[in-house]
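Please read the structure below before turning to the comments.
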Amino acid sequence: MKISLALAFLGIFGALSVVVAEDRYQYFTWVVTYGTIYPLGVPQQGILINGQFPGPRIDGITNDNIVVNVINKLDEKFLITWNGIKQRRTSWQDGVLGTNCPIPPKSNWTYKFQLKDQIGTYTYFPSTKLHRAAGAFGALNIAQRSVIDIPYPAPDGEFTLLVGDWYKTNHKVLRRLLDYGKKLPPPDGLLINGQRDSAVFPGQAGKTYKFRVSNVGLSTSINFRIKNHSLKLIEVEGAHTLQDTYESFDVHVGQSVAFLVTLNQPVNAYYIVASSRFTGTTVLTATATLQYAGSGSKASGPLPIGPTTDVDWSLKQAKSIRLNLTANAARPNPQGSFHYGTIPAVRTLVLANSEERIGGKLRYAVNKISHMNPLTALKLADWFNIPKVFSLNSIPDVPPPASTPAKLGTSVFGITLHDFVEIIFQNNEDTIQSWHMDGSSFYVVGYEYGVWKPDSRKTYNLADGVPRYTVQVYPKSWSAILVSLDNKGMWNLRSAILPRQYLGQELYLRVWNNEKSLYTEANIPDNALFCGFAKHLH
Ligand SMILES: *[C@@H]1O[C@H](CO)[C@@H](O)[C@H](O)[C@H]1NC(C)=O
Ligand SMILES: *[C@@H]1O[C@H](CO)[C@@H](O)[C@H](O)[C@H]1NC(C)=O
Ligand SMILES: *[C@@H]1O[C@H](CO)[C@@H](O)[C@H](O)[C@H]1NC(C)=O
């Protein structure tokens, strides 16, 4: 009797402690509307979240549960994707057309996800209908829990900078150009937090601040710098790096980085500059101000010089970014792939991007397939075994001969859960690329000029490459990544360069095993939207 009482008590206590230890919830209601904005001095229609451009910042702590009710008041279907958020076991919340049916106009949908084991700098943005060209993007910063150490002294403050190229043209007009098979014109400017030259970041002499910088643009790589101040790199997309110091730093589309900046100069105001990379002789520039307390003046004098068209410079800098192997704070639970250099890859995918004309219209392809999103979200088709939506390995593992005609298709690789895969992004075009993977971070092991061949593996960094979600590929070059695909689901691998993705430079990785278990994949959410052939399942 006594024993069973004690056991019962333990049972209750156990249940209670589970409740007490439950991770924090943060609830948001986001109303998405059109509104007039003036980022380049002329009025234009933007997409606002709760009246804001850029959208509201989410400040999370590792393991927070995030609940966002998105109310779509636009005249078009809408979705938000969470760039670099792992969505562990639940591609249902990823917010891309392959995993979610878009939220119809005049209705709402609630995302629920956990910021599991991630510390760092991330963003969100709309994944539908070129909406990113009008706004609705924002920052998602994740801080460590108090029990977790970070490999640098706590900064005295932090700033979040969303940098990107910008068009004065309405997103529907831009979209129509792409739909007609035409290229977009060059962008009209660059913005820092929605402003061309007026954002101010105030600090005190002698103190050190964290600057989180993300490229939220459509297609332009940027160089970032602060006059007379050096940038100590501490993080790229959730990985703590060796803390090297840079005068200026390249951030490619979709990427996020964080620096420590010490205000060690005379009290004054200093230019913060973002300028376009690889845009020929037309260099776009946005400026902001680092304002020391006690300085009434405005930043003045010449802007600090940065690289413009030089590729070697950028390649060299990219290779200098390495993981701090003794600092694991950004990965409190490394999933066994920490010693990635010793794990044999079971499959190699060589993904070559190309610019194509299909039916006389501009398209972009990967291994000669230009992806089209079917009306039925791939994840729904997979879950309910709806035939004829996609077939696995509808895209070849290696590029076919360059003379092969490109065609439209639905590109899905079938990957076995926990497979360790090598992916080479082969760029035979003369423009820079940026690739983003949803659901898993990957180790970047090499960047080189030319065409990748098996022998190129000799150049890999198998010791301290950095795990991240977005990797650039230089013109006429390749970038190689290694990734442990241990997140079951349907995951988007896309060009972060929006017009390319919109016209087909993307695909899906269906990471799968036959075990049906909540430990490997969450059930379809109760509130799931249904579309295409799945509509009747509603
Ligand atoms: C839509 O919003 C209402 C509250 O305004 C909420 O009760 C409901 O769950 C939301 N619907 C979905 C599908 O998230
Ligand atoms: C790496 O991390 C360790 C442990 O947090 C820290 O003490 C060290 O300064 C870091 N090293 C470099 C070179 O960034
Ligand atoms: C600040 O930078 C400019 C170049 O951008 C240089 O000419 C000047 O000497 C620097 N000032 C100090 C105090 O380092």
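Start at 1 and go down the list; that is how both ligands and their atoms are numbered.
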For ligand 2, which atoms, with element, lie under 4.0 Å from some heavy atom of [X]?
X	result
Thr326	1 (C), 2 (O), 3 (C), 4 (C)
Gln243	12 (C), 14 (O)
Pro151	2 (O), 5 (O)

(request) Would you check the N or O atoms of Lys227, main chain and side chain alike, for any that come under 3.5 Å of an N or O of ligand 3? (result) no
Side chain of [X], backbone of [Y]: donor and acceptor closer than 3.5 Å?
X	Y	result
Tyr271	Leu303	no
Thr123	Asn83	no
Tyr340	Gly465	yes
Thr33	Asn50	no

(message) Looking at Arg510 and Asp382, is there a salt bridge between them, counting it only when a charged N and a carboxylate O are closer than 4.0 Å?
(response) yes
(request) Inspect the surroundings of CD in Glu247 and state if more than 12 heavy atoms from other residues, nucleotides or ligands are less than 6.0 Å away. (result) no
(request) Please state which part of Leu242 comes within less than 4.0 Å of ligand 2, counting heavy atoms only: side chain, backbone, both or neither. (result) both
(message) Does any N or O of ligand 1 fall below 3.5 Å from an N or O anywhere on Thr110, backbone included?
(response) yes
Closest protein heavy atom (residue, atom, distance) for [atom]:
atom	result
atom 2 (O) of ligand 3	Asn228 ND2, 2.3 Å
atom 11 (N) of ligand 2	Asn324 ND2, 3.0 Å
atom 5 (O) of ligand 1	Asn69 ND2, 3.9 Å

(message) Show me which atoms of ligand 3 lie under 4.0 Å from any heavy atom of Gln265.
(response) 12 (C), 13 (C), 14 (O)
(message) Please confirm whether the ring centroid of His229 lies under 6.0 Å from the ring centroid of Tyr292.
(response) yes
(request) Have a look at Leu529 and tell me which of Asn100, Ile103, Leu380 forms a side-chain contact (heavy atoms from CB on, under 4.5 Å) with it. (result) Ile103
(request) Could you list the atoms of ligand 1 found under 4.0 angstrom from a heavy atom of Asn108? (result) 1 (C), 2 (O), 3 (C), 8 (C), 10 (C), 11 (N), 12 (C), 13 (C), 14 (O)
(request) State whether any protein heavy atom lies less than 4.0 Å from atom 9 (O) of ligand 1. (result) no
(message) Looking at atom 14 (O) of ligand 1, tell me if a protein heavy atom falls under 4.0 Å from it.
(response) yes
(message) Less than 4.5 Å apart, side chain to side chain, heavy atoms only: is that true for Gln255 and Arg468?
(response) yes
